[in-house]
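Here the structure is laid out as structure tokens; the discussion comes afterwards.
For this chain, numbers begin at 1 and follow the sequence in order. We count ligands from 1, going down the list as the structure has it; atoms in each ligand are counted the same way.
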Amino acid sequence: MKYIDSHTHLYAGEFDADREAVVQRAVHSGVSHLLLPAIDSLYHKKLLDVVTHHPQLCYPMMGLHPTSVRENYRDELTTVEKWLATPALKFYALGEIGIDLYWDKTFDQEQRIVFKEQLRMAINHDLPAVIHTRNSMEIVLEIVEKENNSLLRGVFHCFNGNLDQARRAISLGFYLGIGGVVTYKNSGLQKIIETISPVHLLLETDAPWLPPVPYRGKRNESSYLPLIAQKIAEITNVSLETVAEITTRNAKNLFKIS
Ligand SMILES: [Zn+2]
């Protein structure tokens, strides 16, 4: 069985001591592709180094993460554009982009500006948008709905909305990214996934964060992806093989990887 981890920060410092072992375990678990979202310019080199070491396995995104939006956001956006325009490099999504009102609301307005600009970059570069929301699902959905552009596609990574918001995201042509949270008893996500076909889902770990049960409180890694697929299979009453097959196909279609 093959799986695609549509969202992992494999280049994070948490993996510096044993990154190769983590990669090997992922491969042994059947994970065939890892999509690596960008954060900001501090991490670009590390992200691209990991991709260079694993060209058949790791696929980079480019974008400015909402929690990295500060006074210097213009410079950061220029850097994102510069990377996207580099002919020798191929990026597979604008990500991760979005709005995060959980940690800090200081740059609330700037986050909106940066998000909208990066949605337009996604359209201009014909790339999917990998969207991060935290305490911001409604605002983000409204922005995407207002954009009203049929070229816009992507995934609500670590989907955390309600059922109505899930349906709105799907009707906008977006997938829902499902990770370890679906294995948490009181997350509310199980109730939502119950009614949604796997044709609208992508698997993700968001490693090193949000590990599935029974690894809660530990570091997350891509080799745990089958635990997430298994949970989705149970909830949706579909076989594990089918969940793996459908979500792999979804990720390949969205990111245009073969
Ligand atoms: Zn992330």
Side-chain angles (χ1 to χ4, degrees), residues 3-16 19 22-23 26 31 33-51 57-70 76 80 83 91-104 107 111 114-115 118-119 121-122 127-137 140 144 154-161 169 174-184 187 189 201-212 215-216 218-225 228 247 250-251 254-255:
Y3 305 91
I4 293 181
D5 189 348
S6 65
H7 199 110
T8 168
H9 298 269
L10 180 62
Y11 57 87
E14 282 87 342
F15 296 113
D16 282 353
R19 189 168 289 106
V22 169
V23 166
V31 180
H33 302 73
L34 311 180
L35 277 297
L36 274 50
I39 302 275
D40 60 34
S41 58
L42 288 177
Y43 294 93
H44 291 161
K45 193 187 173 305
K46 236 178 141 187
L47 189 165
L48 293 169
D49 279 351
V50 170
V51 171
L57 188 68
C58 294
Y59 297 78
M61 308 180 195
M62 183 46 63
L64 180 58
H65 193 291
T67 60
S68 291
V69 172
R70 288 182 277 275
E76 287 286 335
V80 167
W83 281 118
F91 294 96
Y92 292 80
L94 254 290
E96 55 187 293
I97 65 175
I99 296 178
D100 189 314
L101 302 178
Y102 178 78
W103 294 108
D104 188 354
F107 294 103
Q111 283 195 39
V114 169
F115 178 49
Q118 292 190 103
L119 285 179
M121 286 185 203
L127 290 172
V130 172
I131 298 180
H132 167 112
T133 65
R134 200 157 181 205
N135 290 7
S136 62
M137 183 59 78
V140 165
V144 177
V155 55
F156 281 80
H157 133 69
C158 196
F159 177 78
N160 54 40
F174 277 71
Y175 291 96
L176 311 181
I178 305 299
V181 174
V182 78
T183 68
Y184 303 171
S187 71
L189 190 55
L201 307 182
L202 296 186
L203 302 178
E204 63 169 59
T205 57
D206 203 14
W209 303 290
L210 298 171
Y215 298 105
R216 273 189 99 166
K218 305 218 168 71
R219 183 187 70 177
N220 197 5
E221 59 175 69
S222 296
S223 69
Y224 302 158
L225 205 57
I228 295 161
T247 55
N250 292 347
L254 181 64
F255 298 110

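Computed with the Zn ion (ligand 1) at the centre, the His7 NE2 to Asp206 OD1 angle is 90°, stated to 10 degrees.
Residue His65: no N/O/S atom is found under 2.8 Å from the Zn ion (ligand 1). At a threshold of 2.8 Å, the Zn ion (ligand 1) has no backbone or side-chain N, O or S atom of His132 nearer than that distance.
The minimum distance between the Zn ion (ligand 1) and any N, O or S atom of Glu96 involves atom OE2.
If you look at Tyr59 and Phe255, their ring centroids are not closer than 6.0 Å.
The side-chain heavy atoms of Glu221 and Glu14, taken from C-beta on, include no pair separated by under 4.5 Å.
One finds a salt bridge joining Asp16 and Lys46 here, because a Lys/Arg side-chain nitrogen approaches an Asp/Glu carboxylate oxygen to under 4.0 Å.
Closest of all the heavy-atom pairs between Leu47 and Ala38 is CD1-CA, 3.6 Å.
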